[in-house]
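Heads up: the structure comes next, in structure tokens.
Values in this document were obtained by computation on a predicted structure and should not be read as measured data. Values below: every heavy atom of this structure, side chains too, minus hydrogens, waters and symmetry copies. Each chain gets a letter, A, B and so on, in the order its sequence line appears, and its residues count up from 1.
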Number of protein chains: 2
Amino acid sequence: MANIRDIAKYADVSVTTVSRVLNEHPYVSKEKRERVRRAMAELGYLRNQQALTLSTGRTQRFVVVLPYLDHPYYGLFVNGLAKAALQRDYRLVMWQTEYQLDQERQALDLLKHREVDGAILLSHTMTFDEMETYRQFGPIAVATVGAPQTISSVHVDHYTAFVAGLRVLAQAGYAEIGIVLSRQDSPSSIARQQAYFDEVELARERWVWTGYLTSEDGIGLADSFLRQQERPRALFFSSDYVALGFLGELRRRGVSIPDEIAILGFDGHPIGQAFGLSTMHSPNEDIGRTLFDVTFEEMNGAASVTNSLTVTYLPGTTL
Amino acid sequence: MANIRDIAKYADVSVTTVSRVLNEHPYVSKEKRERVRRAMAELGYLRNQQALTLSTGRTQRFVVVLPYLDHPYYGLFVNGLAKAALQRDYRLVMWQTEYQLDQERQALDLLKHREVDGAILLSHTMTFDEMETYRQFGPIAVATVGAPQTISSVHVDHYTAFVAGLRVLAQAGYAEIGIVLSRQDSPSSIARQQAYFDEVELARERWVWTGYLTSEDGIGLADSFLRQQERPRALFFSSDYVALGFLGELRRRGVSIPDEIAILGFDGHPIGQAFGLSTMHSPNEDIGRTLFDVTFEEMNGAASVTNSLTVTYLPGTTL
DNA sequence: ACTTGCTCTGAAACGCGTTTCAGACTGTAC
DNA sequence: GTACAGTCTGAAACGCGTTTCAGAGCAAGT
């Protein structure tokens with residue numbers, strides 16, 4: 001494998017000159033530039049990215065932290081991230097945490113050890129206090145609310161977003177509303193419950209279901225829901241996938257939707273449309289794109305930012 | 001940022017000794033080991049991964065190439081890859097190609113430039129001949145069939161798999177069968193068509209639909225399908241997502257399934273169960289895991305392998 | 001007493017591209 | 001004729017951890 005010194009020798013110039021040709025520095029005579037070019041072609045020179053990385057201190061990589069790589073909820077975020085990364089010639093190292101704190105720490109250790117230039121957390125269980133201890137090693141951006149000054153944030157405010165969804169339900173004439181959330185104690189679940197109790201007059205503790213993450217969980221909910229005595233007339237899900245599982249199972253059992261139970265999802269993932277799911281659309285792809293850009297800019301000296309986006313109602317036939 | 005030389009000076013030992021402590025080499029006296037440990041703690045030493053990478057020539061990274069990061073079809077592969085990577089302390093650089101040949105080339109260029117140790121292609125449009133030109137730069141593994149000797153392959157054979165699915169349909173009593181495929185000219189689509197015409201007596205050209213990738217495509221199919229004069233009695237989809245979109249749309253229109261039209265999917269993705277989709281289960285997570293392992297072993301000198309896995313019928317209510 | 005074989009240590013080279021700095025040279029301006 | 005600015009060039013240092021090699025010290029084996 002020819003390196004820059006071999007090329008220099010072969011073309012009878014200094015390594016500096018070769019480096020200049022590589023980087024298209026103007027101060028190289030036509031003749032030497034040509035000689036170097038030819039030498040590179042003849043020896044099959046390939047620039048060693050590792051050496052470049054060590055030398056410049058830039059890895060051209062960000063680590064992207066998320067609980068599950070294969071959870072469709074994160075798909076659109078990741079898509080936005082990937083598109084932005086491509087534009088800047090950056091690579092994304094994906095890090096699956098399965099909600100394990102130590103996995104999050106390992107991901108941020110990449111930052112410490114200069115394996116990546118920055119970190120983008122689509123989800124985190126770590127406290128912001130701990131997260132800030134990593135800030136000195138590179139820019140960090142999160143897709144969640146409540147980040148401190150030093151940490152960039154691009155997110156939808158789940159309280160506001162949930163209020164918006166609950167009002168859509170209210171306007172459609174539903175007063176008895178239940179909500180189906182993901183992890184019990186996640187910040188977003190807490191915010192959503194808060195919104196529920198603040199906004200819905202007939203809100204009830206037992207109409208709050210937590211621990212529903214996947215479409216299978218949604219199927220599972222059908223049974224326990226139908227067995228319940230006093231049921232809400234509408235269910236607001238924090239995820240389209242859970243809503244879809246529930247919807248599919250109910251339709252299969254011949255339950256009429258929305259006559260017996262109305263369903264509102266949250267995400268606006270394309271697959272929901274296939275089933276006519278009414279949902280609150282969250283601009284996740286934009287968030288992904290912006291998260292990348294923000295992190296990139298911050299690496300180049302820009303200040304950290306907080307960017308709150310809003311959700312919109314995407315009508316279907318389940319409401 | 002303290003480096004290894006700073007530590008050496010502070011602990012009054014050579015850099016070699018520091019390196020030995022870092023790598024837990026036994027030939028270091030207790031006393032010096034202790035001094036080095038203390039120096040590292042006091043100066044807050046953090047090993048620079050970039051330097052290590054340049055020095056050892058190992059990046060601890062593989063690039064994973066796939067058309068869309070957010071296509072749920074690849075989710076289970078990626079999940080398997082991620083789990084295997086975690087075990088070996090490897091990172092995955094995800095590369096989205098959108099089926100663009102030049103994106104595939106860019107991904108493999110990472111290999112050329114020593115930015116990754118190996119490449120795993122879940123999908124590719126590149127010919128194997130071209131792919132082989134990259135082989136000299138590191139191990140390559142694909143999830144597709146037909147790879148040459150030098151390139152590892154872990155896959156389901158789509159011809160065999162499709163024959164299996166078609167026989168499931170035949171055994172269930174369906175003779176008039178149509179198939180719905182993804183990209184027209186992809187090797188897997190070609191193999192599937194071959195299987196169709198070889199296996200199904202009543203196979204017809206116009207019962208082959210191509211270009212269906214997403215659940216939305218499945219919705220779109222419903223209309224043109226229902227308008228067709230002579231319809232097959234069963235549809236075999238090459239993707240659960242397309243099948244689900246189609247299924248959802250038909251159910252919404254009140255078409256009785258499987259009485260009017262039977263549906264068989266392909267993948268066995270969990271979300272299919274929510275809707276009772278009958279499907280051929282493909283062990284994609286295993287494939288992902290094995291792809292990683294194979295690439296890893298090959299990097300350590302093992303020979304390339306070809307590993308063909310089989311699909312199994314996963315009953316639902318749509319058949 | 002003498003070889004053999006560990007254990008321990010560190011100087012120097014290595015991987016490889018970039019950057020700094022000093023110097024030479026040419027051309028233009030005054 | 002002298003300055004100054006711009007062009008071109010290369011030696012050396014830099015980023016930083018690993019590896020090779022040579023050598024010293026010491027104990028066990030014959």
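- Environment of CD in A/Glu24: sparse, with no more than 12 heavy atoms of neighbouring residues, nucleotides or ligands closer than 6.0 Å.
- Neither side chain, A/Thr59 nor B/Gln50, offers a donor N or O lying under 3.5 Å from an acceptor on the other.
- The distance between atom CZ of A/Arg20 and atom C1' of D/dC8, rounded to the nearest whole Å, is 7 Å.
- If one axis is set at each end of the helix from C/dA1-D/dT30 to C/dC30-D/dG1 from five pairs, those axes are 40° apart, to 10°.
- At the heavy-atom level, A/Val28 lies under 4.0 Å from the strands shown only through sugar-phosphate atoms.
- For DNA chain C, the span of nucleotides reached by chain B at under 4.0 Å from its heavy atoms goes, 5' to 3', from C/dC6 to C/dC16.
- Mapping A/Thr56 and B/Glu31 onto DNA chain C via the closest heavy atom, the residue that lands nearer the 5' end is B/Glu31.
- Aromatic ring pairs are classed by plane angle as parallel below 30°, tilted from 30° to 60° and perpendicular above 60°; the pair A/Phe292 and A/Tyr90 is perpendicular.
- Between B/Arg88 and B/Glu297 a salt bridge is recorded (basic side-chain N to carboxylate O distance below 4.0 Å).
- Across all strands shown, A/Val13 has heavy atoms under 4.0 Å from sugar-phosphate atoms exclusively, and none from any base.
- Electrostatic pairing of A/Arg47 and B/Glu115 does not count as a salt bridge here, judged by no charged N lying under 4.0 Å from a carboxylate O.
- Annotation: the span from A/Arg37 atom CZ to A/Lys30 atom NZ amounts to 11.5 Å, rounded to 0.5 Å.
- B/Ser19 comes within 4.0 angstrom of a nucleotide base, judged by non-hydrogen atoms across all strands.
- Between the side chains of A/Asn79 and B/Gln96, at least one donor-acceptor pair of N or O atoms lies under 3.5 Å.
- Using a 4.0 Å heavy-atom criterion, one finds that B/Thr17 contacts the sugar-phosphate atoms exclusively.
- Each of B/Asp12 and B/Arg5 was matched to the nucleotide of DNA chain C holding its nearest heavy atom; the match closer to the 5' end belongs to B/Asp12.
- For A/Tyr74 and A/Tyr68, the ring centers are positioned 6.0 Å apart or more.
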